[in-house]
Peer 1: 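Would you mind keeping the following structure in view while I ask a few things?
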Amino acid sequence: MDLEKEIANLSDQIELLRERIKRGEHKLINELVELRKKFKKLSKKRMETLSAWDRVQIARHSKRPHTIDYIKNIFTDFIELHGDRRFGDDKAIIAGFANFEGKPVCVIGHEKGRDTKEKIERNFGMPHPEGYRKAIRVMKLAEKFRRPVFTFIDTPGAYPGIGAEERGQSQAIAESLMVMGSLRTPIIATVIGEGGSGGALALGVADRILMLENAIYSVISPEGCAAILYKSAEAAPIAAENLKITAKDLLELGVIDCIVREPLGGAHLQPKKMYRLLKRALRNTLKQIENIDPDTLVELRQRKFYSMGRFAER
Amino acid sequence: MGLKDFIDKIKERRKLKIEEGSWVKCEKCKTLLYIEDLIKNLKICPHCGYTFRMSAKERVDLLLDKVYTYDLFPKIVPVDPLNFKDTKRYKDRLKESKEKTGLNDAIIIANGLIYDREVVIAAMDFEFMGGSMGSVVGAKFVRGVEYSIQKKIPFISVAASGGARMQESILSLMQMAKTAIAIDRLNKNGILYISILTDPTMGGVSASFAFLGDIIIAEPESLIGFAGPRVIEQTIRQQLPEGFQRAEFLLEKGQIDMVVDRKNLKKTVYTLIKHTHG
């Protein structure tokens, strides 16, 4: 907590200095540079000291920006598309066309909902097969019109229910993986909050995978893992640690390409800053891949996923 | 010898007896069955038709008339990338499973002939850590697919799995994408892919290659689904309907092509190959 206080202090001082410099006190620039260096150093230290379980709490924070917030603040002219043309419209996944800095694109993401009523409507961001089938439909539209796809991952997981199983949850997720794995247009995925298992990966087979600093991404929730492997619900923090679910872990394991820094203390404390930071990261990432021809793009993406995993060959 | 040692010894002897032995109780109708008879009957209870689980090798024997090799990629072995430990170390679990099954991991990639047709078979073994899919299962599966593309021969998978392997966490999850991409490669190369689902086919295996078959066949009464029945029950707080997530239920819901018992499996697969591959 001391570190936390020190960082908050520094942040305030930096803000003050900035304002004074703006008002004409240019001599203070050197001091500002020094403070920023110190700030960076401490922030980094803090980032390293947060436990995986701390990050689980931040990733699930009730005020953390959701897909809908990123769409509103990073994109313009969003037109939402509804339904899977087979059974229904799953509100746990939002999809549609939008504009990203003057470029037409497609956006698809899990949406958990903010207040109680909306959370229930959106099933807490846990999709049914219809959600994935809607996503697949919009991805194919993106391919048809050669629009880049941005996906935002934020789900506890695919919904475990009777209807979901009856209507082919497995098939819907599997198909989404295969369609994304061969889509002839750029895909950028960002894990913005909770990357819960297959339900998350179903929007995650991308050319570039970004992850917010405090987001998590895992094969099973820490609670689920604790119950199954540790036979105790109290083991969730240990499970979180051992499962290696943080952005830093995943970068080291070669599963994600880039960590997007969050404002101090988490995205929920300064959402506007978060939108700016993510927008910049998306812009830079898109630049890297938007001009690659579709054949090469698909080949590179397939190779990327073919290389994932660790084993020995004797 | 202490009392505990004495009891352990007796237990051990009993275990041995069962193994060598001669009798096994059917899990469904509780009839005592002579093991030799059971194996001759393709591990199906002659009284009630209950289907016992088969090992990966037994699967290969069931489907192939001539086995060229039981495992094309025996050199691919698991590591412990996360140094994972729960109530046991992952390394120890691997060692135990290896001793129990004689396999390096939960899959073998065999090739050989069904009558006169050469095929590749990726067969999973539930006895190896619940048939869970980690890096090795993904890697061998993909190599098997590439082999069948190279030789232009059908690819058959036999799933038996509780899902992704938690001990390799996110790396296991990524095997879902990896194997799904492999199936896309089969499709682009015009290679037949028959997916056989056996008891159980769940989670990350169900939601990746297993449900991407050109043709999906399930064994009678197999449990097949994404979420486990207990998780669903806890979530919705109501009892699940009779036969939920069983092969016959999936057939009725339009999720699979057919339910085929062991005695007719090879013939069915062979006919499908003839129908699709000239």
Side-chain angles (χ1 to χ4, degrees), chain A residues 157-162 164-182 195 197-202 204-205 217-220 224-226 228-231 235 238-239 242-245 249-250 253-255 298 301-302 305-314, chain B residues 75-79 81-82 84-87 105 134-136 138-139 142 164-185 187-188 201 203-204 206-212 224-228 231-232 234-236 240-241 244-245 249 253-255:
Chain A
Y159 184 64
I162 293 177
E165 295 290 324
E166 286 179 335
R167 301 194 296 275
Q169 187 75 285
S170 290
Q171 188 277 339
I173 292 172
E175 190 182 349
S176 191
L177 301 177
M178 191 165 76
V179 167
M180 289 186 93
S182 56
S197 195
L201 180 69
V205 186
Y217 195 4
S218 176
V219 70
I220 185 169
C225 180
I228 298 169
L229 288 185
Y230 298 80
K231 318 273 181 219
I238 302 167
N242 292 349
L243 281 169
K244 305 273 187 274
I245 60 177
D249 293 325
L250 268 63
L253 289 167
V255 169
V298 170
R301 191 186 308 139
Q302 298 202 335
F305 282 89
Y306 256 28
S307 73
M308 284 190 191
R310 299 231 173 129
F311 53 87
E313 212 160 355
R314 288 194 304 227
Chain B
K75 289 180 177 163
I76 300 176
V77 296
V79 293
L82 309 183
F84 195 90
K85 185 176 175 280
D86 45 79
T87 52
D105 210 306
S135 298
V136 170
V142 162
R165 186 171 296 168
M166 281 180 273
Q167 289 84 353
E168 290 185 28
S169 194
I170 196 77
L171 295 174
S172 299
L173 190 69
M174 294 303 137
Q175 304 313 308
M176 292 171 67
K178 186 170 173 171
T179 54
I181 285 171
I183 305 307
D184 175 64
R185 303 236 329 120
N187 293 342
K188 297 227 163 102
T201 300
S206 167
S208 61
F209 65 85
F211 262 97
L212 292 173
I224 299 158
F226 180 67
V231 175
I232 297 174
Q234 281 162 12
T235 307
I236 63 173
L240 299 174
F244 180 65
Q245 288 184 320
F249 171 90
K253 298 293 172 192
Q255 300 301 325

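Just the heavy atoms: all of them, side chains too, but no hydrogens, waters or symmetry mates, feed the values below. Just so you know, these numbers come straight off a predicted model, no measurement behind them. Order of the sequence lines fixes the chain letters, A, B, ..., with proteins taken first and strands second; residue numbering starts at 1 for each chain.
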Peer 1: Please round to the nearest 0.5 Å and tell me the distance separating atom CE of B/M174 and atom CG of A/L201.
Peer 2: 5.0 Å
Peer 1: Could you go through the side chain to side chain contact (heavy atoms under 4.5 Å, CB included) check for B/L173 and A/Y217 one step at a time?
Peer 2: CA-CA 10 Å; B/L173 190 69; A/Y217 195 4; 3.7 Å; yes
Peer 1: For A/E165 and B/I224, indicate whether the former's side chain and the latter's backbone hold a donor-acceptor pair under 3.5 Å.
Peer 2: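 Such a contact is absent between A/E165 side chain and B/I224 backbone.
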Peer 1: Please check: side-chain N/O of A/E175 versus main-chain N/O of B/L212, any donor-acceptor pairing under 3.5 Å?
Peer 2: no
Peer 1: Going from CE on B/M176 to OG on A/S197, what distance comes out if it is rounded to the nearest 0.5 angstrom?
Peer 2: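 Atom-to-atom, B/M176:CE and A/S197:OG are 6.5 Å apart.
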Peer 1: What's the shortest heavy-atom distance between A/V219 and B/M166, and which atoms?
Peer 2: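 Heavy atoms of A/V219 and B/M166 come nearest at CG1-CA, 4.2 Å.
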Peer 1: Write down the atom of A/Q169, the atom of B/F226, and the distance for their closest heavy-atom approach.
Peer 2: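 For A/Q169 versus B/F226, the nearest heavy atoms are CG-CD2, 3.7 Å.
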Peer 1: Using non-hydrogen atoms only, which part of B/N187 is less than 4.5 Å away from chain A: side chain, backbone, both, or neither?
Peer 2: side chain
Peer 1: Once rounded to the nearest 0.5 Å, what's the spacing between atom CG of A/N242 and atom CD of B/Q167?
Peer 2: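 Those atoms lie 11.0 Å apart.
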Peer 1: Closest approach of A/Y230 and B/D86, non-hydrogen atoms and distance?
Peer 2: CE2-CA, 3.4 Å
Peer 1: Might you point out which heavy atoms bring A/C225 and B/F84 nearest each other, and give the distance in Å?
Peer 2: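 What the structure gives for the nearest pair is SG-CZ, 4.4 Å.
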Peer 1: Under a 4.5 Å heavy-atom cutoff, which of B/S172, B/A164, B/G138, B/A182 has the most pairs with chain A?
Peer 2: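 When all of B/S172, B/A164, B/G138, B/A182 are compared, B/A182 has the most.
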Peer 1: For A/P160 and B/A227, work out which heavy atoms get closest and say how close.
Peer 2: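 It is CB-CB, 3.6 Å.
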Peer 1: Where on B/K188 is there a heavy atom nearer than 4.5 Å to chain A: the side chain, the backbone, both, or neither?
Peer 2: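 Interface part for B/K188: side chain.
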Peer 1: Indicate the atoms forming the closest heavy-atom contact of A/S182 with B/D184, along with that distance.
Peer 2: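 That would be CB-OD2, 3.3 Å.
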Peer 1: Quick one: of B/S169, B/G204, B/P78, who has the most non-hydrogen atom pairs under 4.5 Å with chain A?
Peer 2: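 If we count pairs closer than 4.5 Å to chain A, B/S169 comes out on top.
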Peer 1: Are A/R310 and B/L82 close enough, and set up right, to give a side chain to side chain contact (heavy atoms under 4.5 Å, CB included), and what steps lead you there?
Peer 2: CA-CA 10 Å; A/R310 299 231 173 129; B/L82 309 183; over 6 Å; no
Peer 1: Sort B/F249 into side chain, backbone, both or neither according to what part of it lies under 4.5 angstrom from a heavy atom of chain A.
Peer 2: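 Only the side chain of B/F249 comes within 4.5 Å of chain A.
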Peer 1: I need the residue from B/A180, B/P81, B/G134, B/G228 with the largest number of non-hydrogen atom pairs under 4.5 Å to chain A.
Peer 2: B/A180
Peer 1: Please step through side chain to side chain contact (heavy atoms under 4.5 Å, CB included) for the pair B/T235 and A/Y159, ending with a clear verdict.
Peer 2: CA-CA 9 Å; B/T235 307; A/Y159 184 64; 3.9 Å; yes
Peer 1: Name the member of B/I76, B/V231, B/V77 that forms the most heavy-atom pairs with chain A at distances under 4.5 Å.
Peer 2: B/V77
Peer 1: When rounded to the nearest 0.5 angstrom, what is the spacing between NZ in B/K253 and CD in A/E166?
Peer 2: 4.0 Å
Peer 1: Heavy-atom distance under 4.5 Å to chain B: side chain of A/I162, backbone, both or neither?
Peer 2: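 Both parts, backbone and side chain.
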Peer 1: Heavy-atom distances under 4.5 Å only: say whether A/I238 touches chain B with side chain, backbone, both or neither.
Peer 2: neither
Peer 1: Under 4.5 Å from any heavy atom of chain A, what part of B/A210 do you find: side chain, backbone, both or neither?
Peer 2: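 B/A210 has no heavy atom closer than 4.5 Å to chain A.
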Peer 1: Quick one: pull up CD in B/E168 and CG in A/L253 and give me the separation to the nearest 0.5 Å.
Peer 2: 10.5 Å
Peer 1: Name the member of A/G195, A/A174, A/G309 that forms the most heavy-atom pairs with chain B at distances under 4.5 Å.
Peer 2: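 With the most close heavy-atom pairs to chain B, the winner is A/A174.
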Peer 1: When you measure from the side chain of A/K244 to the backbone N and O of B/I170, does any donor-acceptor pair fall under 3.5 Å?
Peer 2: no
